[in-house]
K.L.:
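Encoded as structure tokens, here's the structure I'll be asking about.
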Amino acid sequence: MTLTTRTEQGPLIEGATGKWEIVLGLEVHAQVLSQSKLFSGASTTFGAEPNSQVSLVDAAMPGMLPVINRYCVEQAVRTGLGLKAQINLTSVFDRKNYFYPDLPAGYQISQYKSPIVGEGEVIVDMPGGKSFTVGIERLHLEQDAGKSLHDQDPQRSFVDLNRAGVALMEIVSRPDLRSGEEAAAYVKKLRAILRYLGTCDGNMEEGSMRADVNVSVRKPGAPLGTRCEIKNVNSMRFIAQAVDYEARRQIGILEDGGTIHQETRLYDAKAGETRSMRSKEEAHDYRYFPDPDLLPLELAPAWVAGIKASLPELPDDKKARFISDYGLTLYDAGVLVAERESAAYFEAAARGRDAKLVANWVTGELFGALNKMGRDIANSPVPAEAIGELVGLISDQTISGKIAKDVFAIMLETGEQPGAIVEARGLRQVTDTSAIEKAIEAVIAANPAKVEEVKAKPKLMGWFVGQVMAQTQGRANPQAVNDLLKARLGIEG
Ligand code: MN
């Protein structure tokens, strides 16, 4: 794959001296979904007692030797294949030397010159339906550090090494992004791909995915400006906010005749601003060198091919299939494939039903209800089969779409099946024309003045429809009511 830099211009920001363009790229650290760490057998379970998941290797005891976790390597390869990237059959682990209180070895084992995964791509989908491609520069495997705890004691800080040595995939994008909104959409798509692949749980609140955001600004068409890196931003909303704040900060400095210094900054979500942490180190400051405890990592082509053959269907392919096989709109298909669970839910519900109607119900009523309850689709109180059954009742005209909403509300509350609800509560649609005609005659007899009025003002039809629906407790077939009323009142069209 040969990557080309994105040339399309992004949204421009109006400054005091003219328009500016944001150019940014991201380094995403994604925790590998694996039961044990990258070079030790210690557990990776989140939320355990501090320092209860630390092997001698993680604690950097003298003489301990790292042993690579084969499953973590497999996960990195799987991720690379999911990003349509080059898999490097030989890669090398290096020591990245720096001091940090929660890094007992004094270096992080990472990959520098020879990462396990090379160039790939991610197709980013914007809310309006537009898509664009972001180049992936590389993906490398490395260890996470431990965690310093400063809020447990007024005088002392503590160190929890449970996270030390956990496998991370650092996924580096090209500077192909042009706004905070695009950056957030990129992370959203990347997260979806990793979750489909089962290589990272994507849980940003628990720190399973965090982004370092490299932001620069330039006048349209000018060469790249100096960038600042905002470290460890842990939500999509914060990423978008941090980018927009940082771009405005840089524009302000440049327009005042200042220069941007390359540095590392942090995003303070409460204050809504970025702040300087330290001047940016260069790669040579880390004194990278190949880790003498680890041999170069050699992958067998057949092993990689086996992983490739076992990849699941990914969001882009699934979206294309939902559009062609089910006739869904681009929008509905995009919403449904955003999470693997909602795509599976939809397919289960749509089996043998009107798929477009099912898509409407899932993305509309169901998602709305889940949102209100603060639940995700995996914990939906309404199973997929029940939504399918409900849509079936609309399709065969047992109930109207309007009554279906009432049935759905009862399903949410009681967990009853839609068919049973309709029978027990007598909600079957009245399609029998003589019953509807009877209701129409009753309404006409009670409102002679309105009957005169509607002849001059056909808009009043709606009022009559409402009255007839009320007479039938909302159960009359709306189309039949409309047709019969028009004929009876002598209204055209
Ligand atoms: Mn890193």
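For ligands, and for the atoms within them, numbers begin at 1 and follow the listed sequence. Heavy-atom basis, side chains included; hydrogens, waters and symmetry copies ignored.
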K.L.:
Which N/O/S atom belongs to E142 and is the closest one to the Mn ion (ligand 1)?
P.N.:
OE2

K.L.:
Considering just N/O/S atoms, say which atom of H29 is closest to the Mn ion (ligand 1).
P.N.:
NE2

K.L.:
Taking the six-membered ring of Y288 as reference, does the cationic atom of R95 (NZ for Lys, CZ for Arg) lie under 6.0 Å from its centre and within 45° of its axis?
P.N.:
no

K.L.:
Using a strict cut-off of less than 4.0 Å between a Lys/Arg side-chain nitrogen and an Asp/Glu carboxylate oxygen, indicate whether E347 and R321 qualify as a salt bridge.
P.N.:
yes

K.L.:
Hey, is K318 close enough to D325 for a salt bridge, meaning N to O under 4.0 Å?
P.N.:
no

K.L.:
Ring centroid separation for F289 and Y112, is it under 6.0 angstrom?
P.N.:
no

K.L.:
Looking only at the aromatic ring of each residue, does the gap between the centers of Y326 and F346 stay below 6.0 angstrom?
P.N.:
yes

K.L.:
So does H140 have any N/O/S atom less than 2.8 Å away from the Mn ion (ligand 1)?
P.N.:
no

K.L.:
With carbon and hydrogen excluded and only N/O/S kept, which atom of E170 is nearest the Mn ion (ligand 1)?
P.N.:
OE1

K.L.:
Would one find an N, O or S atom of E27, in either backbone or side chain, under 2.8 Å from the Mn ion (ligand 1)?
P.N.:
no

